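Reading through the structure tokens given below for one structure.
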Amino acid sequence: MENTTLTPATIDAFMSLDIRIGKIIKAEKNEKAIKPAYKLYIDFGSDIGEKQSSAQICQNYTTEQLIGKQILAVVNFPPRRVAGFKSEVLVLAAVCDEQGTVLIQPEKNVKLGTRML
């Protein structure tokens, strides 16, 4: 087991992240990306609406497998351009050397837009 030094965080810093449940409604390859990535279109319910994200999750998912998946995403980061695509939210995933990038998902279906605490 690797010994790493963790940088302490405050509860206030964590609580400033607005992490919500969304459902992927459309996914397509981002042909302009240097590393393989998808353009994801995600529904966060009526209060937040639809947002988009660029995600490097191609090694474990096809576009067809992504449709309908519920995911967790940080919705209050400023938008940024990723390979010509406006990425508005950060989809949460585990990055594993042996498994690749794996989406973080709720165990059960949850109302879209529900906040994670």
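Nothing here was measured: the structure is a model prediction, and the numbers come from that model.
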Flag yes if Phe14 and Leu90 sit in one hydrophobic cluster, no otherwise; membership is Ile, Leu, Val, Met, Phe, Trp, Tyr, and two members link when side-chain heavy atoms are under 4.5 Å apart.
yes

Would one find more than 12 heavy atoms of other residues, nucleotides or ligands at under 6.0 Å from atom CD of Glu107?
no

For Pro79 and Lys86, the nearest pair of non-hydrogen atoms, with its separation, is CB-CE, 3.8 Å

Identify the two heavy atoms, one from Leu17 and one from Arg115, that lie closest to each other, and give their separation to 0.1 Å.
O-NH2, 2.9 Å

Is it true that Phe77 and Leu117 fall in one hydrophobic cluster, defined by side-chain heavy atoms closer than 4.5 Å?
yes

Tell me whether Val82 is reachable from Val95 by hopping between hydrophobic residues (I, L, V, M, F, W, Y) whose side-chain heavy atoms are closer than 4.5 Å.
no

Look only at the side chain of Gln70 and the backbone of Ile21, and say whether a donor-acceptor pair between them is shorter than 3.5 Å.
no

Indicate yes or no for a side-chain donor-acceptor contact from Asp43 to the backbone of Leu112 under 3.5 Å, with no hydrogens or angles considered.
no

Of the non-hydrogen atoms in Thr101 and Tyr61, which two are nearest, and what is the gap between them?
O-CE1, 3.7 Å

Keeping the roles fixed (side chain from Gln65, backbone from Thr62), state whether a donor-acceptor pair exists under 3.5 Å.
yes

Let me confirm one number: the CD-CG distance from Gln105 to Leu92, rounded to the nearest 0.5 Å.
11.5 Å

Quick one: are Val91 and Ile42 in side-chain contact, heavy atoms under 4.5 Å?
yes

I need the minimum non-hydrogen distance between Ile67 and Lys26, along with the two atoms involved.
CD1-CA, 3.5 Å

Roughly how far apart are Arg20 CZ and Phe44 CZ, rounded to 0.5 Å?
9.5 Å

Side-chain heavy atoms of Ile57 within contact of Leu103, under 4.5 Å
yes

Are any side-chain N or O atoms of Ser53 and backbone N or O atoms of Val89, one a donor and one an acceptor, separated by less than 3.5 Å?
yes

Return the minimal non-hydrogen interatomic distance between Gln56 and Ala37, and the atom names on each side.
CG-CB, 4.0 Å

So, taking the atom named CG in Leu66 and the one named NZ in Lys69, what distance separates them when rounded to the nearest 0.5 Å?
7.0 Å

Could you tell me whether the side chain of Glu88 and the main chain of Gln52 form a donor-acceptor pair under 3.5 Å?
yes

Tell me the closest heavy-atom pair linking Gly100 and Gln59, and the distance in Å.
CA-NE2, 3.3 Å

Val75 versus Ile19: any side-chain heavy-atom pair under 4.5 Å?
no

Look only at the side chain of Asn60 and the backbone of Gln99, and say whether a donor-acceptor pair between them is shorter than 3.5 Å.
yes

Glu28 vs Tyr41, side chain to side chain donor-acceptor pair (under 3.5 Å): CA-CA, chis, key distance, verdict
CA-CA 9 Å; Glu28 57 192 24; Tyr41 300 85; 3.2 Å; yes

Are Cys58 and Tyr38 side-chain neighbours, meaning at least one heavy-atom pair lies under 4.5 Å?
yes

Taking a hydrophobic cluster as the set of Ile, Leu, Val, Met, Phe, Trp and Tyr residues connected by side-chain heavy atoms closer than 4.5 Å, whether directly or through intermediates, do Ile71 and Val110 fall within one such cluster?
no

When you measure from the side chain of Ser87 to the backbone of Ser54, do you find a donor-acceptor pair of N or O atoms at a distance under 3.5 Å?
yes

Is there a donor-acceptor pair under 3.5 Å between the side chain of Asn76 and the backbone N or O of Asp18?
yes

